[in-house]
Amino acid sequence: MAATTRSDTRPATSDLAASVGLVDADLVEMYRYVALARALDERMWILNRAGRIPFVISGQGHEGAQVGIAWPFQRGHDWIAPFYRSIATCLTFGMSPRDILTAQYATATDPSSGGRQMPGHYGSRQHNLVSVSSPVATQLLHAVGIALAAKIRRTGQVAMTSMGEGSSNQGDVHEGLNFAAIHKLPFVFVVENNGYAISVPAARQVSVPNVADRASGYGIPGIVVDGVDVLACYVAARDAVARARAGQGPTLIEAKVTRLTGHSSDDQQTKYRSAEELEAELKRDALPAFRAQLIEAEILTEAIEASIAAKIAADVEDATDYAESQPDPDPATALHHVYAGDAGDGPDVAPDADSATETSD
Amino acid sequence: MAATTRSDTRPATSDLAASVGLVDADLVEMYRYVALARALDERMWILNRAGRIPFVISGQGHEGAQVGIAWPFQRGHDWIAPFYRSIATCLTFGMSPRDILTAQYATATDPSSGGRQMPGHYGSRQHNLVSVSSPVATQLLHAVGIALAAKIRRTGQVAMTSMGEGSSNQGDVHEGLNFAAIHKLPFVFVVENNGYAISVPAARQVSVPNVADRASGYGIPGIVVDGVDVLACYVAARDAVARARAGQGPTLIEAKVTRLTGHSSDDQQTKYRSAEELEAELKRDALPAFRAQLIEAEILTEAIEASIAAKIAADVEDATDYAESQPDPDPATALHHVYAGDAGDGPDVAPDADSATETSD
Amino acid sequence: MPTRTFIDAIRETLATEMRRDESIIVLGEDVGKKGGVFLATDGLWAEFGDERVIDTPLSESMIVGASIGAAVNGLRPVAEIQFADFIFPAFNQIVSEAARIRYRSNDGYGVPMTIRAPYGGGVHGALYHSQSVEAFFTHVPGLKVVVPSTPYDARGLLRSSIRDEDPVLFFEHKKMYRSVRGDVPDTDYVVPLGKAAITHPGSQVTVIAYGLMAHYALEAADRVGEDGISVEVVDLRTLRPLDTETVLESVRKTGKCLIVYEDNKFGGYGAEVAAIVAEEAFDYLDGPVTRIAGPEVPGVPYNHALEEWFMVSPEKIADGIRALAAY
Amino acid sequence: MPTRTFIDAIRETLATEMRRDESIIVLGEDVGKKGGVFLATDGLWAEFGDERVIDTPLSESMIVGASIGAAVNGLRPVAEIQFADFIFPAFNQIVSEAARIRYRSNDGYGVPMTIRAPYGGGVHGALYHSQSVEAFFTHVPGLKVVVPSTPYDARGLLRSSIRDEDPVLFFEHKKMYRSVRGDVPDTDYVVPLGKAAITHPGSQVTVIAYGLMAHYALEAADRVGEDGISVEVVDLRTLRPLDTETVLESVRKTGKCLIVYEDNKFGGYGAEVAAIVAEEAFDYLDGPVTRIAGPEVPGVPYNHALEEWFMVSPEKIADGIRALAAY
Ligand SMILES: Cc1ncc(C[n+]2csc(CCOP(=O)(O)OP(=O)(O)O)c2C)c(N)n1
Ligand SMILES: Cc1ncc(C[n+]2csc(CCOP(=O)(O)OP(=O)(O)O)c2C)c(N)n1
Ligand SMILES: [Mg+2]
Ligand SMILES: [Mg+2]
């Protein structure tokens, strides 16, 4: 999805972009996704406080890592099994702001689940984004199985999954990494380590300083990246995708991120995190850091920034209006799709054409 | 249980014994357990071929590692959660040949289960040997929980569990090692790697050359020992027990052993192992190796060996006769012990006093 | 007698039991500093410290498996599974291990362990924060399964569960945590496991329920009472072992039996109750044994319209009673 | 028509299906070179190679979880769980994931996967190599559960399961593998999921069974036939979805219903059948709906005397029929 692959004329390439093998337009677009994810996420909290939506689970603090890591995967070809904080991942991989907000409102046209799942449980067949469930870490095995099928069917696809550091302690992770490593499957395991699993700090969750320290136990590379550094995340993922595509097997990437909000709208994190800690964590936000980096490199001009901001504002507004306007699912459809063919195939209410793509791209 | 701790006068100590901090009598006793386990095991196969017992699952090829590793644990104080090949472990930890053979015959007086479980599913409350079940690897978490209780209750106990390399791929292993490492529990994890999980070779089971390579991913020491070398196994376990007892947390010990028999009496291993491979594996038998080592060190004299052999022969004969003579459980007791107090406490048929201790010790 | 919410009764019972018996530990995800996502363990960590109130890593099989081991070595663990929906990773440890170690060791080992878990729908929890999972465990010999419906019972049954020598699954309907209040004495009373309660005596139709549905059944009984239908409500309280005697006595008296559960109907817990009643009270039945339960979908959907469609309600129960009474 | 053992029918069906559809893979423990511990996959590895016949590591959750992913990405996995007893580590993947992904994604994703597992007792397998586990899965919307009892049905139902778009649990009674033979045509016939079979028509008592018990029910029907009792045996074949119509039609005709299953009775599969019959055929019943099932212990004990005590037998069924007929 890098702009280089689509462009005929030689695009602008700053030293910064060149240093990671991208062009300036890529970096701008990456920035837009980071900022869009943040803006959508902030809107979710506003809607929650306004009583419009009952629950929010947020990706704030994870967006930089998510966009950087998702970037080298090929939209519509590769696969991602995301988790509940993967708003930026899902956007980067093709879901629209409308797709995200209809999920918050649980409308009939929510493409993730038709209003059947809680917000945060995204998914899209159209975009090869596996449907998110709540029991953590199960999706790792799905991504491994997808990679197995890719290898057997020789599709050239790579499968990625992401989750938090707490979730990485589930048995499924061990079982899946072992199998993927034995068969050198085209698989990338991403841990977004934000230091907490709800209230439990990483030191009480994971017995080693880095989840990536576990990779060697499976004979695969384990890489720690700073989630504040979007381009470092990109490079780590790019290399992992290249290894996977070349038949060299899985990679574990651990991005050190921060959780800028409570675990969810049901959580009061001040009960277990000090004010100083929360204050300090603000500095680990990739959004201002990436912005500063792109301004410094003269990639993000004031004009570009203004146009991005306008676009994002319009997108978020449009998505909100759209989601607000969408109908609830009809209980008459609630028995559908327990099994194939229960009620014809496909969702009961087709999301309208616009909602499936970005509104202003 | 080392003889040094019981003896008042200075016991005989060869260089070999001294090199591992034991006395000669320990080494002789260790040898006796290795040989006893083998003799009992061979008797099981004879009884199986003679149609006396329907099923055998064997420890042949594992005995040296089991005795060496069990040795530093304190009988009646520490805990072991063994697996189905742990005949030598159970003997070393206090079960008698009668205990082992009544399990093969599934008699009412079988102390492991009163005839309720398949052979190989040993256990003894009296000896702190946790009851073996069939689903592999579950026992690791029990041992971890025992270690947790030991730490909380400040009993000074160490808990050990053992299993095969195939079993180490279960999710429970990951979850348990992580927890034990975080809390620095007094826990020792023993993998008896015999190269196969039924028919599947280790290379298709474990994505790294050694299961012990996984220890670093939990921040604990991982030690590979040659299961042919009984004293090396002892030393590894002794050090692990010392670490555990000192509050320094768990250790993973992987003993490279061999499986001299089929997986069980139901398995034909020639279907998946070549004649050459089986031939070569015979050289990896700790029994003759340990014997040669002790003869070389002049610890095992002809006289001692003859007396051990006689004792073992008598023990095996006695255990066979005893087990043959024991009654089947009464179906009238089959509903007992689903819950506490279902039928008074304790087993329905008390094993007779002799059976619970070694017959000729 | 002091009035308490359902969750307060649970929390205080945990505290008083821990004061009484220092072999009791509490472990689970977020049970420590945070006090549990529902605050059912709030304050325990401050009072009993790190060793007796353990914030575990996010791994349910470990929570249960380690509890089994701890129980074998002299502790009395009370494990919390954050949502009943997340008990499945621990299924093997519960069903293969905890339930069987006593039987398979011929009484050599037992597992005095309680597993608490919030269950149930009607709280916008969707597929994975709304489940009723009791049927998976009530089938298993070696386990006990408890579902209290009042603060009084919650306290008395939790005490019995913790003091029991065998593994007990203790399911708490999360919708009741703060919405249900009741009198709870400060005495050290227990409610024995395996005893149902008649919470509304009546003569024409027996309604059998538990958990939140025991409340809805009472509401329904009141409604149809206005139409002159006399309903006897049996609150099972313990699902395994089932108090067959109380159930049969009531049905033999009324001749009509409606079983209510929130879980999807097919193969749910109420099927067993129906089967027992159909066999053992056959000669007394004046109408078919009927059931009102959730629809056959794999989880409660999130959207409020769909959730409402899913949930058994007092009205649906009242309709079922009316139909049965008219039979 | 060629005669085959039960296991041969299964093995050959796997082979012919794999020849027909190259998206089918077989995976599990020891399914490759060894051909499975019961040899149900013998020969497949030699014919289809390492990529389509995969000896997995010893990790059931992985087997099922990876099969789900593979199914999502275009394959049709047929996973073997070595013994049904060892399916519990995969419980979360089956119940939380495979069963729900279609519903939760509003038909975005489906999981065309078959899980085969040998189940059942009477083979000296003790607690952990004898279990009947169907009740844990028949309760779950989104899953289909099949238990064939003849080589003919094994082939026809396995074909339907593999070709189905949803996850199917296919349980094979291991005692039948070599002891049961029957005619199996070489044609590409299927037996549809969800259809029971009347294997012995009769008029006085309906006996409902499946798997090994379907054979024992026939034996029992013959025995009591000698005493002049006419029994109709219904072999359910598919447990979810249940063929309610065939069951009710038979009971409405005979007026008496005995349900037989090998699993422990309380909360077992037969409870649901009993509940449905008790409700839907109430007006036709001339006797209580009765059940014969295993005792309430957590697994089949090993010793032959205890195992015999545990197992439902043709005699026990015949006694049950006689008692019901005499009612
Ligand atoms: C199997 C399971 N157990 C418990 C939960 C409840 N739960 C949801 S998120 C969460 C913490 C996850 O922490 P982490 O993996 O670090 O991800 P983060 O939320 O920090 O991004 C828990 C305990 C769950 N969803 N699934
Ligand atoms: C959960 C589970 N799955 C499958 C089995 C069947 N099984 C018994 S032993 C075994 C192989 C074990 O191999 P390994 O761990 O290497 O131990 P070994 O037998 O080689 O000593 C298998 C697959 C089981 N007992 N439990
Ligand atoms: Mg986290
Ligand atoms: Mg092995």
TODO: Measure the CD-OG1 distance between A/Glu175 and D/Thr56 for me, rounded to the nearest 0.5 Å.
DONE: 9.5 Å

Task: Distance, nearest 0.5 Å, that separates CZ of A/Arg153 from CD of D/Glu22 - done: 10.0 Å

Open item on the list: Between A/Ser124 and chain D, with a heavy-atom cut-off of 4.5 Å, which part of the residue counts as in contact: side chain, backbone, both or neither?
Closed with: backbone

TODO: Measure A/Ala150 against the heavy atoms of chain D and call it side chain, backbone, both or neither at under 4.5 Å.
DONE: both

Task: Main-chain N/O of A/Ala340 paired to D/Asp166 side chain as donor or acceptor, under 3.5 Å - done: yes

Task: Test side-chain contact (heavy atoms from CB on, under 4.5 Å) applied to D/Asn73 and A/Val130, A/Ile146, A/Asn128, the passing residue - done: A/Ile146

- [ ] Name the option with the most non-hydrogen atom pairs under 4.5 Å to chain A; the candidates are D/Ala71, D/Gly74, D/Pro77.
- [x] D/Gly74

TODO: Answer yes or no: is there a side-chain heavy-atom contact under 4.5 Å between A/His142 and D/Val72?
DONE: no

Open item on the list: Please give me the minimum heavy-atom distance between D/Glu97 and A/Ser133, naming the atom from each residue.
Closed with: OE2-OG, 2.5 Å

Open item on the list: Applying side chain to side chain contact (heavy atoms under 4.5 Å, CB included) to D/Asn106 and A/His337, what does each step give before you reach the verdict?
Closed with: CA-CA 6 Å; D/Asn106 205 19; A/His337 311 312; 3.3 Å; yes

Task: D/Ser61 portion near chain A, given a 4.5 angstrom heavy-atom threshold - done: both

- [ ] Could you tell me which of D/Ser96, D/Ala66, D/Pro57, D/Ser23 has the largest number of non-hydrogen atom pairs under 4.5 Å with chain A?
- [x] D/Ala66

Open item on the list: Counting only non-hydrogen atoms closer than 4.5 Å, does D/Val111 touch chain A with its backbone (N, CA, C, O), its side chain (CB onward), both, or neither?
Closed with: neither

Task: Within residues 28-54 of chain D, residues adjacent to chain A where the heavy-atom gap is under 4.5 Å - done: D/Glu51, D/Ile54

Open item on the list: Need one label for D/Glu60: side chain, backbone, both or neither, based on atoms under 4.5 Å from any heavy atom in chain A.
Closed with: backbone

- [ ] Check the side chains of D/Gln93 and A/Asp172 for a donor-acceptor pair under 3.5 angstrom, ignoring hydrogens and angles.
- [x] yes

Open item on the list: Can a side-chain donor-acceptor contact be found between D/Arg104 and A/Ser113 if the only test is distance below 3.5 angstrom?
Closed with: no

TODO: Answer whether the closest heavy-atom distance between the side chains of D/Ile68 and A/Thr138 falls below 4.5 Å.
DONE: no

- [ ] Give a yes or no answer on whether the side chain of D/Tyr103 reaches the backbone of A/Arg116 with a donor-acceptor pair at less than 3.5 Å.
- [x] no

Open item on the list: Using modelled atom types and a 3.5 Å cut-off, is there a donor and acceptor pairing between side-chain atoms of A/Tyr339 and backbone atoms of D/Leu143?
Closed with: yes

- [ ] Sort out for me which of A/Ile152, A/Val144, A/Val132 touches chain D most, counting heavy-atom pairs under 4.5 Å.
- [x] A/Ile152

Task: Contact origin within A/His174 toward chain D - heavy atom pairs under 4.5 Å - done: neither

TODO: Answer with side chain, backbone, both or neither: which region of A/Leu140 has an atom nearer than 4.5 Å to a non-hydrogen atom of chain D?
DONE: neither

